[in-house]
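Order of listing sets the numbers, starting from 1, for every ligand and every atom in it.
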Amino acid sequence: MKKILVIGSVGQIGSELTMKLRDIYGNDNVVAGIRKTMPSEELANSGPLETVDATNIEQLAQVVKKYNIDTIYNLAALLSAVAEARPQAAWNVGVNGLYNVLEVARENKCSVFFPSSIGAFGSSTPLDNTPQDTIQRPGTMYGVTKVTGELLSDYYYKRFGVDTRGVRFPGIISNLTLPGGGTTDYAVEIYYEAVKNKKFTCPLAKGTFLDMMYMPDALKAAIDIMEADPSKLKHRNCFNVTAMSFDPEIIYKEIKKHIPDFVMEYNVDPVKQSIADSWPNKMDDTAAREEWGWNPKFNLEEMTIDMLNVIGEKFKKGLL
Ligand code: AKB
């Protein structure tokens with residue numbers, strides 16, 4: 001049985017991924033790595049919990065040795081908009097943190113999952129049907145950390161044989177833990193505002209198309225790539241994966257089908273808009289489909305029904 005460490009297990013993806021991994025591999029085999037944010041009761045009580053700051057290599061190595069970890073999911077990162085406000089911190093967590101993870105993985109023979117992003121592309125990338133292998137010259141610190149992470153991960157595989165694998169996540173939409181400081185966060189916030197206030201102010205302009213994915217598919221991608229037959233992988237770091245592409249008008253109209261009096265207005269955030277304009281409209285994820293059977297389950301219609309049900313229930317119970 002795998003022995004897994006999730007670094008960043010209270011974040012948007014980490015909080016759900018840790019619980020999913022515990023379901024699959026057993027509670028005791030999945031260590032939740034936390035830093036400052038308090039974990040939920042469910043996370044804290046269902047399995048081992050350790051303080052792990054990826055920028056502290058001694059602490060990281062100690063936890064890996066203590067639990068005989070063989071697989072590390074490194075989810076520690078600052079999202080795109082916040083990384084523009086704090087570029088030094090974004091580099092430290094995103095690159096120095098990953099370097100430590102790779103070094104500890106090399107010494108302890110661990111596999112490593114690295115989440116890259118649509119942010120690894122830039123305005124000189126072909127933005128429609130963005131190929132798996134293409135120009136990557138991002139203009140944001142977030143993108144710089146992601147491209148560096150992809151290269152470092154490939155290097156550790158080729159040079160040291162560390163089993164590194166990863167995907168380029170699009171915007172992830174979920175209903176448990178809110179994202180913080182991302183450019184695609186609007187596609188989560190719109191559901192909460194539709195349920196709570198029937199009104200949403202969108203920070204991205206009409207016509208801004210971006211790749212998106214519902215959390216159950218994101219968890220599946222992270223787990224399936226780590227379970228994939230290595231002999232079939234021509235790429236490793238990192239695979240384009242997408243489930244849908246829409247602009248603010250399309251998601252607004254989809255929600256309006258269920259909440260007819262929902263209204264949306266625009267107040268464009270220039271930082272987020274310029275980031276979004278440099279990202280793909282839609283990626284080509286053929287390599288992931290061919291090399292490890294990537295096949296997302298949720299489209300916009302299905303995701304919207306599920307999001308509105310879950311958030312609606314929370315609202316009725318006074319939990320929002
Ligand atoms: C962000 O918007 O920063 C992230 C991402 C697409 O990587 N959600």
Exercise. Over 60° means perpendicular and under 30° means parallel, so classify the ring planes of Phe246 and Tyr186, tilted if in between.
Key: perpendicular
Exercise. Using the six-membered ring wherever Trp is involved, compare the ring planes of Phe239 and His235 and label them parallel, tilted or perpendicular (cut-offs 30° and 60°).
Key: perpendicular
Quiz item: Going by atom types alone, do Glu150 and Ser116 pair a side-chain donor with an acceptor below 3.5 Å?
Solution: yes
Practice problem: Decide whether Ser174 and Gln12 meet the rule of one side-chain donor and one side-chain acceptor closer than 3.5 Å. | Solution: yes
Practice problem: Run the salt-bridge test on Arg236 and Asp163 with the 4.0 Å N-O cut-off and return the result as yes or no. | Solution: yes
Quiz item: Hey, are Arg35 and Asp53 close enough for a salt bridge, meaning a charged N less than 4.0 Å from a carboxylate O?
Solution: yes
Quiz prompt | For atom 2 (O) of ligand 1, the protein heavy atom that lies nearest, with its residue and separation | solution = Thr183 N, 2.7 Å
Quiz item: Tell me, which protein residue and heavy-atom name are nearest atom 8 (N) of ligand 1, and how many Å apart are they?
Solution: Thr184 OG1, 2.9 Å
Using a 4.0 Å cut-off to any heavy atom of [X], which atoms of ligand 1 qualify?
X	answer
Ser80	1 (C), 2 (O), 3 (O)
Ser117	5 (C), 6 (C), 7 (O)
Trp279	1 (C), 2 (O), 3 (O), 6 (C)
Ile118	6 (C)

Quiz prompt | Proximity of Ile172 to ligand 1 by residue part, where a heavy atom lies under 4.0 Å | solution = neither
